[in-house]
*Asks:* 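First the structure, which I've put down as C-alpha cells, then a few questions once you've had a look.
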Amino acid sequence: MANIIAVVWDFDKTLVNGYMEEPICEYYGVDSSDFWREVNFLPEKYRVEQGVRVNPDTIYLNHFIHCAKKGIFKGLNNAMLYDFGKNLHFYEGIPEIFEETRKLIEEDSIYQEYDIKVEHYIVSTGLSQVIKGSVVAQYVQGIWGCELIEEETEDGGRIISEIGYTIDNTSKTRALFEINKGVNRHEGVEVNTKMPEELRRVPFQNIIYVADGPSDIPAFSLVNKNHGATFAIYPHGDMKAMRQVEQMRVDGRINMYAEANYQEGTTAYMWICHKIKECAERIRKREREKISVYAQVGTPKHLT
C-alpha cells in the first residue's frame, strides 16, 4: 500500500469565488442569474410537461448544449471551455496551498524515509475542461468533472452537442472510491474491483475532503464514516453560508469549517496542514511498528 495522503477538493465556491460558468456568460453577454434561474426551473418544467424526472445537479449541461445550438452560446466547444478556465477568480492562497502542502511532507526528512506523499484531486459537478484549463490543473493528480461531446458544424467548426460523462453530488462518492482504490493509477483496477483494505492506494483515513456545503453531504458522510477528515468553506462576510456550515458541524457532517482563504496563517491553511501532518505521523508510526517487530526478533548468532 502506498503511503499517500489525498486532499480532495470540490471546485465551485470552494476554490473559486462563485461558479466556473461565469466567464462563459460574461464572454457571450448572458446574465448568469437569468441562466441559472432558467436551469433551476427545468426540473419542474419537465415534470409537469412530460412527466419526466431529471437530475437537478446536471440538467445545466443540457441547457448549455441547448443554448449553444440556439446560438446564445454560439460556437461553444471544448477548446473554448478550456480557455475560459484561465479567467477564473480563485480564493486567496490558491494555487499556492497545493504546492506548500506537498512540500510540507515531501521535504521533511522524517517522512522521506517512508516515502510519504501528498496528492491533490478535484471532484466537481462542473465542467472538467474548464478546470483543466485553469491554473490549478498543474498541481493536481486527477480531475473528475462533467464532459461534453462535440460535433462538427456546417462551417467546419466544432460545437458541444451531447453529454459524455457526468458527476453529480451523489456520484462524487464513486470518485472517492476510485481515488481510494487507485483506479486512475493502476491499470485494470476499476471502482467495483474487489480489493482488500490493506491493498488500496489511498485509505479513506488518509483522505481530507474540502467543500462548501450541503450538496457535498454524501461525500462528507463517506469520508467521515471511514475516519477521514472533512472541512467546509464559506465566503468572507456571508453570514447565511457561515450559519449553514456551522449547522453541518453541529450535526456531525463535517469536522471543521473556516472562511474561504487559504493563505498561510489562516484557519483553513493551518487546519489542512495540521490534518496532513496528523496523517503523516500516523503513517510513520505504523511503518516504524512494522520494522520494530522484526528488530525484536533479533539476528541469529553462533551458539556458545
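Every value quoted in this text rests on a predicted model; they were computed, and no experiment measured them.
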*Asks:* My understanding is that only residues two or more places apart in sequence, or in another chain, count here; which of them pass side-chain contact (heavy atoms from CB on, under 4.5 Å) with R53?
*Replies:*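 Applying side-chain contact (heavy atoms from CB on, under 4.5 Å) to R53 gives none.
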*Asks:* Please determine whether a side-chain nitrogen of the Lys or Arg among R282 and E278 lies less than 4.0 Å from a carboxylate oxygen of the Asp or Glu.
*Replies:*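 The answer is no: the pair does not qualify as a salt bridge.
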*Asks:* Looking at OH of Y165 and CG of L61, how far apart are the two atoms once the value is rounded to the nearest 0.5 Å?
*Replies:* 12.5 Å
*Asks:* Applying salt bridge (Lys or Arg N to Asp or Glu O under 4.0 Å), which residue pairs with at least one partner in residues 15-26 are found, sequence neighbours left out?
*Replies:* none
*Asks:* E96: what forms a side-chain contact (heavy atoms from CB on, under 4.5 Å) with it, not counting sequence neighbours?
*Replies:*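 E96: side-chain contact (heavy atoms from CB on, under 4.5 Å) contacts with E100.
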*Asks:* For A6 and V202, which heavy atoms make the closest approach, and how far apart are they?
*Replies:* CB-CG1, 3.7 Å
*Asks:* For D108, enumerate each residue passing the salt bridge (Lys or Arg N to Asp or Glu O under 4.0 Å) test, keeping only those at least two apart in sequence or located in another chain.
*Replies:*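 In terms of salt bridge (Lys or Arg N to Asp or Glu O under 4.0 Å), with neighbours along the sequence ignored, D108 is linked to no residue.
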*Asks:* Which residues pass the side-chain contact (heavy atoms from CB on, under 4.5 Å) test with Q112, sequence neighbours left out?
*Replies:*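 Counting only residues at least two positions away or on another chain, Q112 forms a side-chain contact (heavy atoms from CB on, under 4.5 Å) with S109.
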*Asks:* Sequence neighbours left out, what pairs pass salt bridge (Lys or Arg N to Asp or Glu O under 4.0 Å) with at least one residue falling in residues 243-261?
*Replies:*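 Listed by first then second residue: E246-R249.
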*Asks:* Output every pair passing salt bridge (Lys or Arg N to Asp or Glu O under 4.0 Å) with a member in residues 135-153, not counting sequence neighbours, ordered by first then second residue.
*Replies:* K132-E147, E150-R158
*Asks:* Checking the side chain of T101 only, and the main-chain atoms of C273 only, is there a donor and an acceptor separated by less than 3.5 Å?
*Replies:*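 The answer is no, because no donor-acceptor pair under 3.5 Å joins these two groups.
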*Asks:* Got a donor-acceptor contact below 3.5 angstrom from the N206 side chain to the I4 backbone?
*Replies:*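 Side chain of N206 to backbone of I4: a pair is present.
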*Asks:* Any pair with a residue in residues 206-229 that passes salt bridge (Lys or Arg N to Asp or Glu O under 4.0 Å), sequence neighbours left out, goes on the list, sorted by first then second residue, please.
*Replies:*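 Sorted pair list: K172-D216.
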*Asks:* Using the test salt bridge (Lys or Arg N to Asp or Glu O under 4.0 Å), find all partners of E264 that sit at least two apart in sequence or belong to another chain.
*Replies:*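 Testing E264 for salt bridge (Lys or Arg N to Asp or Glu O under 4.0 Å), a comparison that skips the adjacent residues, returns none.
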*Asks:* Sort and list the pairs that fulfil ring-ring contact (aromatic ring centres under 6.0 Å, His included) and have at least one residue in residues 264-292, not counting sequence neighbours.
*Replies:*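 Every pair satisfying ring-ring contact (aromatic ring centres under 6.0 Å, His included) with a residue in residues 264-292: F231-W271.
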*Asks:* Mind checking what makes salt bridge (Lys or Arg N to Asp or Glu O under 4.0 Å) contact with K45, not counting sequence neighbours?
*Replies:*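 Salt bridge (Lys or Arg N to Asp or Glu O under 4.0 Å) check on K45 returns E49.
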*Asks:* On the 0 to 90° scale, with breaks at 30° and 60°, tag the F84-Y27 ring pair as parallel, tilted or perpendicular.
*Replies:*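 Taking Y27 first and then F84, their aromatic rings stand perpendicular (interplane angle over 60°).
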*Asks:* Of all residues at least two apart in sequence or in a different chain, which pass the side chain to side chain donor-acceptor pair (under 3.5 Å) check with N255?
*Replies:* T230
